[in-house]
S.K.: 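This is the structure I want to talk about, given as structure tokens.
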Amino acid sequence: MTDRSTRRVERPAGADRARPVGRATRLPRALHPGAWWLWALGLATAASHTTNPLPLGLLVAVAALVVVRRRGDAPWALAFRMYLVLGAVIVTMRVLFRIVFGGGQGDHVLVRLPEIPLPAWAAGIRLFGPVAAEQLLGGFHDGLRLATMLVCLGAANALANPKRLLKAVPGALYAVGTAVVVALSVAPQLVESVLRVRRARRLRGASGRGVRALRGIALPVLADALDRSLALAAAMDSRGYGRTPAVPAGQRAVTGALVLGGLVGVCAGTYGLLDATGPAYLGLPMLLVGLSTAVAGMLLAGRRVRRSRYRPDRWRGAELLVAGCGVGAAALTVLAGSVDPELLYPPVSPLTWPELTPLTLLAVAVAAAPAWLAPPPALARTSTARTASPPTAPRGPVDAAPADGAGRLASSSPTPGGPS
């Protein structure tokens with residue numbers, strides 16, 4: 001009987017060693033939603049202080065860059081494309097309004113449309129007529145500024161977790177914060193519903209387009225929105241939202257008077273700052289008094305709201321850097337407007353090519369820094385794939401049989417029907 005002995009096959013020399021470690025990378029984690037919103041509000045503030053299409057286009061590109069590099073795979077991260085489309089619609093509508101309601105105030109007339117006569121009481125308004133390049137360019141500048149502000153806020157909506165944002169709202173504003181967070185999450189959930197319905201239609205073989213496809217998508221999306229609303233209301237009710245302990249009538253009256261008086265003071269102080277002819281005490285002093293009164297009322301109202309937080313979000317170095325980039329971009333843009341206001345608001349008559357200033361370029365660079373300063377997001381798909389990955393083979397020597405003539409490993413047990 002032929003005895004087939006086995007031998008021990010050693011692993012290669014580098015098999016037991018770990019893979020070479022490259023440069024150190026940061027662990028993925030979700031950034032505080034307040035940091036993303038402060039960054040986006042800073043970009044929107046910078047966009048509101050200029051009509052120059054060059055910095056506005058750069059701000060849109062910066063927002064898109066940060067979203068692409070630092071957004072996760074949650075449903076709300078898919079809504080940024082919709083904000084870009086909505087911004088393009090805003091720009092188009094502003095240009096069309098200039099054409100419909102008279103766009104002929106300029107030296108370079110592009111086309112002459114037939115003018116529709118209006119009655120005498122509509123003096124100063126005309127429909128159609130000659131269309132000049134100066135008026136179209138002015139409408140494009142105004143529409144691009146509004147679209148850029150919308151895109152910046154859409155970037156925050158795609159990067160920040162609205163559920164975590166609700167935890168960061170002060171106790172006195174939990175009811176208002178709940179309404180705001182629910183309103184902000186409508187667009188991302190709507191996009192997710194549309195994508196899910198379209199995917200289901202493709203799986204069923206539906207290939208209709210246009211109005212026919214719209215009718216087949218609108219009803220399921222509406223039903224899904226109603227189901228989500230009912231589920232959200234039930235979840236909020238089960239967690240005690242809207243339930244407050246009994247508060248004495250006197251304390252409730254004092255809290256309401258403080259908040260209402262503070263808001264009135266803020267309005268009066270803002271009016272005093274805008275009106276240079278008003279008395280001095282109606283400006284900044286009234287604004288500060290109103291803010292302090294409103295904050296005192298909110299703190300007093302927040303005492304009766306008791307909430308427990310599981311794993312509260314904390315501000316770390318990355319959050320401070322991201323929020324500081326937004327504030328820095330806004331401050332640099334305001335400073336650039338005080339130094340060279342003509343470059344931030346380029347004239348449309350005569351037609352001139354827009355220019356960029358060093359401060360504006362620096363503001364754009366600071367706004368783009370969170371694409372590298374913020375930690376990478378924690379992706380749910382990656383974590384699921386790691387959990388479902390098969391276990392690795394055990395280390396150390398393994399038993400293997402000698403290879404046969406064909407180069408295959410032969411079995412260590414006797415082959416049935418073999419030579420004896």
Side-chain angles (χ1 to χ4, degrees), residues 35-68 80 83-99 103 105-106 108 132-159 270 273-274 276 321-371 373:
W36 285 125
W37 274 103
L38 288 177
W39 169 78
L41 290 176
L43 265 65
T45 303
S48 65
H49 282 78
T50 179
T51 57
N52 192 331
L54 295 183
L56 291 176
L58 290 176
L59 288 177
V60 172
V62 163
L65 173 65
V66 176
V67 168
V68 169
F80 184 70
Y83 287 97
L84 292 176
V85 174
L86 186 58
V89 171
I90 290 175
V91 175
T92 305
M93 293 300 295
R94 292 301 294 264
V95 174
L96 289 178
F97 283 162
R98 293 298 180 97
I99 296 176
Q105 290 81 11
H108 301 80
E134 289 82 358
Q135 293 299 317
L136 293 184
L137 191 60
F140 175 75
H141 288 177
D142 294 338
L144 184 59
R145 176 169 60 176
L146 182 59
T148 304
M149 297 171 62
L150 180 66
V151 168
C152 293
L153 298 181
N157 203 357
L159 292 169
T270 305
L273 287 177
L274 296 177
L321 289 175
V322 170
C325 288
V327 176
L332 289 173
T333 305
V334 173
L335 181 60
S338 62
V339 174
D340 294 317
E342 299 85 5
L343 297 181
L344 289 185
Y345 296 91
V348 295
S349 181
L351 295 176
T352 57
W353 185 259
E355 299 179 7
L356 288 173
T357 63
L359 286 177
T360 307
L361 290 176
L362 182 59
V364 173
V366 170
L373 295 179

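What you see is a predicted model; the values in this text were computed from it and never measured. Residue numbers start at 1 and run along the sequence shown.
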S.K.: Could you list the residues that satisfy side chain to side chain contact (heavy atoms under 4.5 Å, CB included) with Ala64, not counting sequence neighbours?
M.R.: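 Partners of Ala64 under the side chain to side chain contact (heavy atoms under 4.5 Å, CB included) test: Phe80.
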S.K.: Testing Leu356, Leu359, Leu332, Val62 one by one against Val364 for a side-chain contact (heavy atoms from CB on, under 4.5 Å), which residue passes?
M.R.: Val62
S.K.: Sequence neighbours left out, what passes side-chain hydrogen bond (donor to acceptor under 3.5 Å, both in side chains) with Thr360? Give chain and number order.
M.R.: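 Thr360 satisfies side-chain hydrogen bond (donor to acceptor under 3.5 Å, both in side chains) with Thr357 only.
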S.K.: Can you sort out the partners of Thr270 under side chain to side chain contact (heavy atoms under 4.5 Å, CB included), two or more places apart, ordered by chain and number?
M.R.: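 So Thr270 forms a side chain to side chain contact (heavy atoms under 4.5 Å, CB included) with Val266, Leu274, Leu287.
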S.K.: Let me have the donor-acceptor pairs involving side chains of residues 139-154, under 3.5 Å, with sequence neighbours excluded, atom names and distances please.
M.R.:
| from | atom 1 | to | atom 2 | distance (Å) |
| --- | --- | --- | --- | --- |
| Asp142 | OD2 | Arg98 | NH2 | 3.2 |
| Thr148 | OG1 | Leu144 | O | 2.7 |

S.K.: From Glu355 CD over to Leu54 CG, what is the distance, rounded to the nearest 0.5 angstrom?
M.R.: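 One finds 9.0 Å between CD of Glu355 and CG of Leu54.
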S.K.: List, one per line, each side-chain donor-acceptor pair under 3.5 Å for residues 333-341, sequence neighbours excluded.
M.R.:
| from | atom 1 | to | atom 2 | distance (Å) |
| --- | --- | --- | --- | --- |
| Thr333 | OG1 | Ala329 | O | 2.8 |
| Ser338 | OG | Leu335 | O | 2.7 |

S.K.: Show me the donor-acceptor pairs, under 3.5 Å and distance only, between side chains in residues 42-51 and residues at least two apart or in other chains.
M.R.:
| from | atom 1 | to | atom 2 | distance (Å) |
| --- | --- | --- | --- | --- |
| Thr45 | OG1 | Leu41 | O | 2.7 |
| Ser48 | OG | Thr45 | O | 2.7 |
| His49 | ND1 | Thr45 | O | 2.8 |
| Thr50 | OG1 | Asn52 | N | 3.0 |
| Thr50 | OG1 | Leu344 | O | 2.7 |

S.K.: For Val66 versus Trp36, what's the shortest heavy-atom pair and its separation?
M.R.: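 What the structure gives for the nearest pair is CG1-CZ3, 3.7 Å.
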S.K.: Taking all non-hydrogen atoms of both residues into account, name the closest pair between Trp39 and Ala63 and its distance.
M.R.: CH2-CA, 4.2 Å
